[in-house]
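This report refers to the structure that appears directly beneath it.
Note that the coordinates shown come from a computational prediction; the quantities given were computed from them, not determined experimentally. Letters A, B, ... mirror the listed sequences (proteins, then strands); counts begin at 1.
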Amino acid sequence: MHDIKTIRDNPAAFDQGLSLRGLPAQSAALLKIDSEKRDHIQKLQDAQARRNALSKEIGEVMRAGDKAKAEALKAEVAGLKDFIASGEEAERLLTQKINDALAVVPNLPMEGVPKGKDEHDNKELHTWGEKPRFNFEPRQHFDIGEWLGLMDFETAAKLSGARFVILKGQLAKLERALGLFMVDLHTEHHGYTEIYAPYMLRDEAMFGVAQLPKFKEDLFQTTSGHWLIPTAEASLTNLVRERMLEEKELPIRMTAYTPCFRAEAGAAGKDTRGMIRQHQFSKVELVSITTPEQAEAEHSRMLACAEEVLKRLKLAFRTIVLCTGDMGFGSRKTYDIEVWLPGQSAYREISSCSQLGDFQARRMDARFKPADGKGPRYVHTLNGSGLAVGRTMVAILENYQNDDGSVTIPEALRPYMGGAEKITRA
RNA sequence: GGAAGGGUGGCCGAGUGGCUUAAGGCGCACGCCUGGAAAGCGUGUUUGCGUUAAUAGCGUAACGGGGGUUCGAAUCCCCCCCCUUCCGCCA
């Protein structure tokens, strides 16, 4: 959420930022409500000041026993009452109006983010690893998994419909092994603290991380009114909501291995086969809470932590920085890591690491006391996948497939797979 | 699901209609004291909004949220949200 004062101070910069995202200028409309509100507040406060003064006087006069004078003063205050009552109501409405308008405005891109319209304008930062070569036509993950007899979309459809999967035996174990491997890496080597947190959140928390009100249709809601998390970012980031942190506590680094639930409302027809796009999938998430000064360095660090997972699994990838037009709603700068999928002969997103500035912190009211003793400041929040477990499994199946249909287990995972070296047909 | 008790500055906690300008304590900051520290003593220490060059000053609001009573509400009344405890059910 934006600070209306920042917009007031520099409306041109605000509109410029929106245009980089391909959106029309909005400062004029917002500032119109803002100035209406401020004019209104001025009048209201004058009336309140007068009422307060008169009321105080009434108290004194009554103590002195001058009833007649007290009655005269009461009559005077009565004239202000209606104005104040309706004025308070109007102020509330105007505040709500401007907040509602601000709540659906996306974050603005950081300086230096490549300008562009859509994913074609994203910029590659670097690549890592060798794409594997095959002396046969590499198959896609769903063909491999189904042939192994360990991946079942048909039965999943009977239970739950499209975009669900059932994994069995070695593949079910691989899913769990990947989660453990990633969490262990981030906690033992990257300084993140493992967290277990709710998968169901209430409205306020979803608003805090900017999933609401705009992306309601991408979420699942329970009969209790809770929202199923589309990412552990939602739970982890909210751990600091409504808190006043000490500067020395920052940065806070958290990780969690959780299921994620997404309605995929806008993705009809996209990636309909296989495990790439599911209503339910697992992910190991990284979240950092920092000071504004720490955020940029933390972002690079987080990216490196996510990349390390792929390096240890020896999976080729490339890293790109998203252009202004392709970034998510709350992001000021986003790196995507795309893993090489031989079966598709394409790079596919496996992680997205974003810094959101104070965008979520404002919505959550998450602040810290600076060490220099000055007034509270909003924290900065960052999040990244480290990594999407389902898609990592896809990458392993496709990159480590053998001509006999089996799949070699990456060495780094073998300790988590009971020492097994291969996944073979059931 | 049933019953009861609660929600007050960073934290704990007092406060049933006007000297509450939210007591007191903790924590924190600075000073005194000390060889240095602790203890002790003293001073200071909420946030939002408006105005402003200003984190100065002034004004205003805020005691979970909203509405009501009143000249005046943390305090009285109504509705809602949330938390805790006990009982029931239960992995």
For RNA chain B, write out the stems as range with range, using runs of 3 or more consecutive Watson-Crick or G-U pairs with both distances under 3.5 Å.
->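 Expected stems, ordered by start: B:1-7 with B:81-87, B:10-12 with B:24-26, B:27-32 with B:40-45, B:46-51 with B:57-62, B:64-68 with B:76-80.
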
Below 4.0 angstrom from OP1 or OP2 of [N], is there any side-chain N or O of [X]?
X	N	result
A:Lys37	B:C49	no
A:Arg51	B:U70	no
A:Arg367	B:U46	no
A:Arg243	B:C11	no

Between [N] and [M], how far apart are the two [atom1] atoms, rounded to whole Å?
N	M	atom1	answer
B:A39	B:A53	P	46 Å
B:U60	B:G6	C1'	30 Å
B:G27	B:G10	C1'	8 Å
B:G5	B:C78	P	14 Å
B:G44	B:C80	P	45 Å
B:U46	B:U20	C1'	15 Å
B:G17	B:A22	C1'	15 Å
B:A23	B:U47	P	15 Å

So, does the side chain of A:Gln45 form a donor-acceptor pair with the base of B:G59 at under 3.5 Å?
->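 Result: at least one qualifying N/O pair found.
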
How do A:Met244 and A:Asp3 order along RNA chain B: which one's closest nucleotide is nearer the 5' end?
->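 Here A:Met244 is the residue nearer the 5' end.
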
Between A:Glu91 and A:Lys74, just flag the one whose closest nucleotide in RNA chain B comes earlier from the 5' side.
->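 Mapping each residue to its closest nucleotide by heavy atoms, the 5'-most match is A:Glu91.
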
What is the nucleic acid contact for [X], judged by heavy atoms within less than 4.0 Å: base, sugar-phosphate only, or nothing?
X	value
A:Arg202	sugar-phosphate
A:Arg8	sugar-phosphate
A:Lys43	nothing

Could you name each residue pair satisfying side-chain hydrogen bond (donor to acceptor under 3.5 Å, both in side chains) that touches residues 376-396 of chain A, not counting sequence neighbours?
->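 Sorted result for residues 376-396 of chain A: A:Glu233-A:Asn383, A:Glu293-A:Arg377, A:Gln360-A:Thr381.
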
Which residue pairs pass the side-chain hydrogen bond (donor to acceptor under 3.5 Å, both in side chains) test when at least one of the two sits in residues 258-270 of chain A, sequence neighbours left out?
->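 Sorted pair list: A:Glu264-A:Arg277.
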
In whole angstroms, how far is the [atom2] atom of [N] from the [atom1] atom of [X]?
X	N	atom1	atom2	answer
A:Gln48	B:C49	CD	C1'	11 Å
A:Asn99	B:G48	CG	C1'	12 Å
A:Arg241	B:C82	CZ	P	13 Å
A:Arg50	B:U60	CZ	C1'	16 Å
A:Leu94	B:C49	CG	C1'	14 Å
A:Asp203	B:C81	CG	P	12 Å
A:Glu242	B:C81	CD	C1'	13 Å
A:Leu44	B:A61	CG	P	8 Å

A:Gly208 to A:Arg363 - nearest heavy-atom pair and separation |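 Shortest heavy-atom separation between A:Gly208 and A:Arg363 comes out as O-CB, 3.5 Å.
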
Ring pair (Phe, Tyr, Trp, His ring centres under 6.0 Å): pairs with one or both residues in residues 235-269 of chain A, sequence neighbours excluded |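 Those involving residues 235-269 of chain A do not exist here.
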
Qualifying ring pair (Phe, Tyr, Trp, His ring centres under 6.0 Å) pairs with a residue from residues 281-314 of chain A, counting only residues at least two apart or across chains =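 Listed by first then second residue: A:His299-A:Tyr335.
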
Which glycosidic conformation, syn or anti, is assigned to B:G9 if syn requires a torsion within 90° of zero?
->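 Syn, which is what one calls it when the glycosidic angle falls within 90° of 0.
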
Considering only side-chain heavy atoms of A:Ile41, which listed nucleotide, B:G10, B:U51, B:C49, is closest?
->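 Within the option list, the nearest is B:C49.
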
Would you check, one step at a time, whether the test side chain to side chain contact (heavy atoms under 4.5 Å, CB included) holds for A:His141 with A:Met393?
-> CA-CA 8 Å; A:His141 70 278; A:Met393 180 182 300; over 6 Å; no

Do we see a donor-acceptor contact under 3.5 Å between the side chains of A:Ser331 and A:Asn107?
->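 Not at all, the side chains of A:Ser331 and A:Asn107 share no donor-acceptor pair under 3.5 Å.
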
When the aromatic ring centroids of A:Phe359 and A:His2 are compared, is their separation below 6.0 Å?
->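 For A:Phe359 and A:His2, the ring centres are under 6.0 Å apart.
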
Residue list, side chain to side chain contact (heavy atoms under 4.5 Å, CB included) with A:Ser19, at least two apart or on another chain =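 Listed in chain order: A:Gln16.
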
